[in-house]
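Just so you know, residue 1 is the first one in the sequence shown, and it goes up from there.
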Amino acid sequence: SSTARVTDNGSPALSAPRSFQGNVIDGVKTMSGTVNFSGATFPRAGIPVSIEVFVATGTTLLETDSATLNASGQYSFDGQVPAGASYRALIDAPRALARFTSVFTPTASGANAGAGTLGLGDLNDDDVIDGNDINVALADFGNEGSNLPADVNLDGVVDGNDINVILLNFGQESDLP
C-alpha cells in the first residue's frame, strides 16, 4: 500500500502509478500487453502505467518499468528478464487497483504479458475501493475541468457516472503481493 498524495484542498492528487524497485536481470526483450478498465470505456491514450515483473510462483520482484498506454490500451517496454522462465506482471494506473496478468513466458524475441483489467475508483490510492473513495467523489461532485482526481471516466466532470463506476467496483482490492 502506498501513501496518497494530496492537493492543497486536501483531495487526492492525480499521480503516476507507484514506483517500485527490483533486481535487473540481463537479456533485454520487448514486453507488451493491454490494459482495460472495469466499469468505463474512454480513450486510454496517454495514461501512465507501472509494470512490475514477478517470478510466476512467488513474490520475487525482478523488474519495474513504466509505460504510457496507446489509444487501444496497449503498452510496451524493454524488459530485462531471461527467456524461458515463467513470469506474471502487476499492472497499476492512476485511480485504479493494481492487477496481475496471467502467467507468460518470454522468448528470445520478447513477450506478451497479456491483458490486465484494472478496477477503477481507488481515488485515495489505498488499494481498496470503498466508502472513502465515494466520499472523495462526492466532495468533488459537479466540478469540471481536466485532471480532476475524482473524474474516474475522464470526461471532464465529476458526476453520477463516476459514482456509478466506483459502485460497480466497490469492495475490490488490489492484487499487491
Side-chain angles (χ1 to χ4, degrees), residues 1-22 32-54 61 64-77 88-102 113-177:
S1 181
S2 66
T3 303
R5 288 170 271 208
V6 293
T7 62
D8 292 339
N9 67 7
S11 64
L14 175 62
S15 59
R18 296 169 193 82
S19 177
F20 296 90
Q21 300 295 320
S32 61
T34 304
V35 174
N36 298 303
F37 294 96
S38 176
T41 57
F42 49 82
R44 294 172 276 181
I47 295 175
V49 294
S50 67
I51 304 103
E52 298 175 21
V53 180
F54 289 84
L61 177 61
T64 299
D65 218 313
S66 61
T68 302
L69 299 180
N70 68 17
S72 300
Q74 298 171 330
Y75 64 87
S76 66
F77 65 98
R88 58 190 177 137
L90 184 69
I91 311 297
D92 196 13
R95 302 182 183 98
L97 298 173
R99 293 282 185 237
F100 277 108
T101 63
S102 56
T117 299
L118 310 183
L120 282 174
D122 185 17
L123 303 182
N124 63 352
D125 200 27
D126 67 353
D127 302 315
V128 63
I129 299 174
D130 58 14
N132 294 319
D133 300 300
I134 290 176
N135 289 336
V136 170
L138 290 174
D140 281 349
F141 200 84
N143 288 341
E144 296 183 16
S146 60
N147 293 324
L148 297 168
D151 182 17
V152 178
N153 64 357
L154 302 177
D155 66 354
V157 63
V158 180
D159 58 14
N161 293 322
D162 300 298
I163 301 288
N164 286 337
V165 171
I166 296 168
L167 290 173
L168 175 71
N169 295 309
F170 195 85
Q172 292 185 24
E173 297 182 13
S174 289
D175 288 347
L176 295 176

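No donor-acceptor pair under 3.5 Å is formed between the side chain of D140 and the backbone N or O of V158. In this structure, the side chain of T101 does not engage the main chain of G116 through any donor-acceptor pair within 3.5 Å. Remark: the backbone N or O of D155 is paired with a side-chain donor or acceptor of D151 at under 3.5 angstrom. When atom types are taken as modelled, the side chain of S174 and the backbone of A98 share a donor-acceptor pair closer than 3.5 angstrom.
To the nearest 0.5 Å, atom CZ of residue F141 and atom CD1 of residue I134 are 12.0 Å apart. Note that CG of L97 and CD1 of I129 are 4.0 Å apart. Values are rounded to the nearest 0.5 Å. Atom CZ of residue R95 and atom CG of residue L148 lie 7.5 Å apart, to the nearest 0.5 angstrom. To the nearest 0.5 angstrom, Q172 atom CD is 12.5 Å from I166 atom CD1. The distance from atom CG of L90 to atom CG of L61, rounded to the nearest 0.5 Å, is 9.0 Å.
Applying the ring-ring contact (aromatic ring centres under 6.0 Å, His included) rule to F37 yields the partners F42; only residues at least two apart in sequence or on another chain are considered. Not counting sequence neighbours, the partners of V165 by the side-chain contact (heavy atoms from CB on, under 4.5 Å) test are A40, L120, V152, N169. With sequence neighbours excluded, no residue forms a side-chain hydrogen bond (donor to acceptor under 3.5 Å, both in side chains) with D159. Under the side-chain contact (heavy atoms from CB on, under 4.5 Å) criterion, N36 pairs with T34, R44, A115, T117, not counting sequence neighbours. Scored by the ring-ring contact (aromatic ring centres under 6.0 Å, His included) test, F77 finds no partners at all (sequence neighbours excluded). Residues meeting the side-chain contact (heavy atoms from CB on, under 4.5 Å) test with S102, sequence neighbours left out: none.
T64 places none of its side-chain heavy atoms less than 4.5 Å from the side chain of V53. Counting only heavy atoms from C-beta outward, the side chains of D133 and F170 never approach each other to under 4.5 Å. Side-chain atoms of I91 and R99, non-hydrogen and from C-beta on, never get closer than 4.5 Å to each other. Contact of the L167 side chain with the I163 side chain is registered, since non-hydrogen atoms from C-beta on lie closer than 4.5 Å. Taking the side chain as every heavy atom from C-beta outward, N132 and L123 never approach each other to under 4.5 Å. S66 places none of its side-chain heavy atoms less than 4.5 Å from the side chain of P48. The closest side-chain heavy-atom distance from N161 to V157 is not below 4.5 Å. Within the 4.5 Å cutoff, the side chain of D122 has no heavy atoms near those of the V128 side chain.
The shortest heavy-atom contact between A137 and A150 is CA-CB, 3.6 Å. When all heavy atoms of G114 and Y75 are compared, the pair lying nearest together is O-OH, 4.4 Å.
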Please evaluate residues T68 and I47 with respect to the criterion side-chain contact (heavy atoms from CB on, under 4.5 Å), reporting the C-alpha separation (whole Å), side-chain torsions for both, the decisive distance (0.1 Å), and the verdict. CA-CA 6 Å; T68 302; I47 295 175; over 6 Å; no
Using the rule given for side-chain contact (heavy atoms from CB on, under 4.5 Å), can you reason through D92 versus E52, listing the C-alpha separation, both sets of side-chain angles and the distance that settles it, and then say yes or no? CA-CA 9 Å; D92 196 13; E52 298 175 21; over 6 Å; no
